[in-house]
Amino acid sequence: MATRSCLCVFLFLLVAFQSTMVKANTVIPSSRCRPVLASTKEKLEFAVNLHIYKAELVLRASVGRGINDISPGLVEGPAPIGATLANLDNRTRKIMEESGLATIGHIRDIANIILRRSPLSMPQLDLSPQAFEKYLDVINVTLKPPFNIYANTNSFLLAAAFASDYLKQYYAGIMPWIVGIPERELAAGIAVYEGASYGVIRSLLNDRANLTVPPYTFTVENLTNLSAQIGNQLGGCGLKDEGLVVPLPLGAENRTTGNVIAADVNSLPYTRSALELLRIVFITGNATRPGGVFPRGFEGTLYHRILALKQS
Ligand SMILES: *[C@@H]1O[C@H](CO)[C@@H](O)[C@H](O)[C@H]1NC(C)=O
Ligand SMILES: *[C@@H]1O[C@H](CO)[C@@H](O)[C@H](O)[C@H]1NC(C)=O
Ligand SMILES: *[C@@H]1O[C@H](CO)[C@@H](O)[C@H](O)[C@H]1NC(C)=O
Ligand SMILES: *[C@@H]1O[C@H](CO)[C@@H](O)[C@H](O)[C@H]1NC(C)=O
Ligand SMILES: *[C@@H]1O[C@H](CO)[C@@H](O)[C@H](O)[C@H]1NC(C)=O
Ligand SMILES: *[C@@H]1O[C@H](CO)[C@@H](O)[C@H](O)[C@H]1NC(C)=O
Ligand SMILES: *[C@@H]1O[C@H](CO)[C@@H](O)[C@H](O)[C@H]1NC(C)=O
């Protein structure tokens with residue numbers, strides 16, 4: 001009984017706090033787009049799924065090794081399906097490896113400082129080219145031959161930008177809600193690092209904006225536009241992903257069409273909630289219907305509560 005009334009007060013305070021936030025922004029997001037109620041621990045445990053996805057993707061593609069090969073005992077669970085070495089240029093390979101190694105460090109930080117346990121459960125990942133190719137179905141684009149993220153540097157950078165962007169957007173969204181100094185230090189540190197990582201990948205993509213994505217005739221810029229369209233459609237909460245070139249009103253200070261770093265009208269990062277991210281990474285547009293890169297869903301308390309509450 002005591003536990004229940006405690007929980008009620010907690011929920012009431014969170015809701016009250018949220019409604020002031022909403023007033024301050026004068027935009028009332030629908031329940032599909034509001035931040036999800038969860039403790040700091042639950043929020044970071046949720047993030048571990050996204051970190052594992054990024055680390056496994058970029059490490060297996062760059063050096064053909066996964067988290068457990070590099071840091072045994074940190075995570076446990078099924079090996080990812082379909083990952084393979086990507087045909088990357090040496091510079092990109094090196095940067096991807098570094099980014100993946102740093103992500104292992106972040107997972108360990110969360111395990112040590114926040115969750116105080118390891119190994120952490122690893123979700124089933126499907127890193128096969130076919131799983132990524134399905135994203136294009138969302139906007140009815142069919143490519144021949146089918147899109148293969150591992151085929152070349154241009155294609156792989158798009159997949160890496162995808163994983164990195166969502167991690168950054170998630171941290172930008174949870175940062176204001178993190179409670180506790182060590183917890184905030186950790187989350188701020190990871191958020192800053194992930195912002196940098198996203199910037200590096202977008203910058204690599206931007207250097208290639210006008211190059212074609214072999215074997216197709218369209219360019220890297222085309223592909224970033226398509227990818228942004230897919231994210232926005234699946235997320236279902238407006239425009240939060242942008243291509244490398246945008247109309248002036250979306251550029252910084254409305255004065256540039258260059259858009260290496262996607263950001264809102266105040267040049268602050270777009271944020272995405274747990275629900276929005278699930279809708280996107282599942283490719284189903286439904287936070288409780290797993291698919292895509294996470295065929296069996298996420299691990300952790302917050303995800304299981306989202307399932308129980310049927311928050312699609
Ligand atoms: C890339 O790295 C490999 C292995 O380190 C090396 O054999 C190859 O010459 C490098 N290629 C270029 C273009 O530098
Ligand atoms: C894709 O095709 C389906 C079926 O034809 C249609 O309902 C949907 O609106 C299309 N989506 C886009 C983004 O064009
Ligand atoms: C791509 O082409 C456009 C139009 O020619 C040009 O303005 C832009 O600078 C080019 N971008 C890069 C990165 O070369
Ligand atoms: C990408 O989208 C922007 C507008 O959103 C447009 O100006 C640009 O021409 C598009 N680029 C390509 C290559 O599709
Ligand atoms: C790529 O961009 C060019 C130039 O903006 C445009 O003509 C073409 O339709 C785009 N292709 C795709 C597949 O979006
Ligand atoms: C840029 O345009 C948007 C509307 O598209 C407006 O809300 C914003 O104030 C403008 N920013 C500046 C710096 O002019
Ligand atoms: C989301 O998926 C769940 C599980 O498949 C299903 O029960 C629910 O009806 C779906 N929600 C929407 C809005 O389609």
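Numbering of ligands and ligand atoms starts at 1, following listing order. Positions are given from 1 along the sequence.
- Between Y270 and the options E242, K168, Q169, a side chain to side chain donor-acceptor pair (under 3.5 Å) holds for only E242.
- The nearest protein atom to atom 11 (N) of ligand 5, hydrogens excluded, is given as N222 ND2, 3.1 Å; this is a heavy-atom distance.
- Taking a 4.0 Å cut-off on heavy atoms, G243 fails to register as neighbouring ligand 4.
- Atoms of ligand 7 lying under 4.0 Å from any heavy atom of T288, numbered from 1 in the order shown and given with element: 1 (C), 2 (O), 3 (C), 4 (C).
- Salt bridge status for E183 with K43: absent, with no side-chain N to carboxylate O gap under 4.0 Å.
- Remark: minimum distance from atom 14 (O) of ligand 7 to any protein heavy atom is reached at N286 ND2, 3.5 Å.
- In terms of protein heavy-atom proximity, atom 4 (C) of ligand 4 is closest to P247 CD, 3.5 Å.
- Near S312, meaning under 4.0 Å from one of its heavy atoms, ligand 7 places the atoms 1 (C), 11 (N), 12 (C), 13 (C).
- Of all the atoms in ligand 4, the ones that sit under 4.0 Å from a non-hydrogen atom of V245 are 1 (C), 2 (O), 3 (C).
- Of the N or O atoms in T219, none lie within a sub-3.5 Å distance of an N or O in ligand 4.
- When non-hydrogen atoms are compared, ligand 4 lies under 4.0 Å from the side chain of N225 (C-beta onward) but not from its backbone.
- Not less than 6.0 angstrom separates the ring centroid of F147 from the ring centroid of Y135.
- The protein atom (non-hydrogen) at minimum distance from atom 9 (O) of ligand 4 is E221 OE2, 4.0 Å.
- Here Y166 and Y53 keep their ring centres 6.0 angstrom or further from each other.
- Between H51 and H106, the two ring planes are perpendicular [angle over 60°; tilted spans 30° to 60°].
- By the side chain to side chain donor-acceptor pair (under 3.5 Å) test, N148 is found to be paired with no residue, residues two or more places apart in sequence or in another chain being considered.
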TODO: List the steps, then state whether salt bridge (charged side-chain N to carboxylate O under 4.0 Å, His left out) holds for E97 with K94.
DONE: CA-CA 5 Å; E97 180 186 9; K94 209 70 196 138; 3.6 Å; yes
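- There is no protein heavy atom closer than 4.0 angstrom to atom 7 (O) of ligand 7.
- Using bins of under 30°, 30° to 60° and over 60° for the plane-to-plane angle, the ring pair F46/F298 lands in the tilted bin.
- Distance remark: protein heavy atom present below 4.0 angstrom from atom 2 (O) of ligand 7.
- Closest to atom 5 (O) of ligand 7 among all protein heavy atoms lies R289 CD, 3.3 Å.
- For atom 13 (C) of ligand 5, the closest non-hydrogen atom on the protein side is F218 CB, 4.4 Å.
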Task: side chain to side chain contact (heavy atoms under 4.5 Å, CB included) evaluation trace for I67 with I107 - done: CA-CA 10 Å; I67 299 170; I107 295 168; 3.9 Å; yes
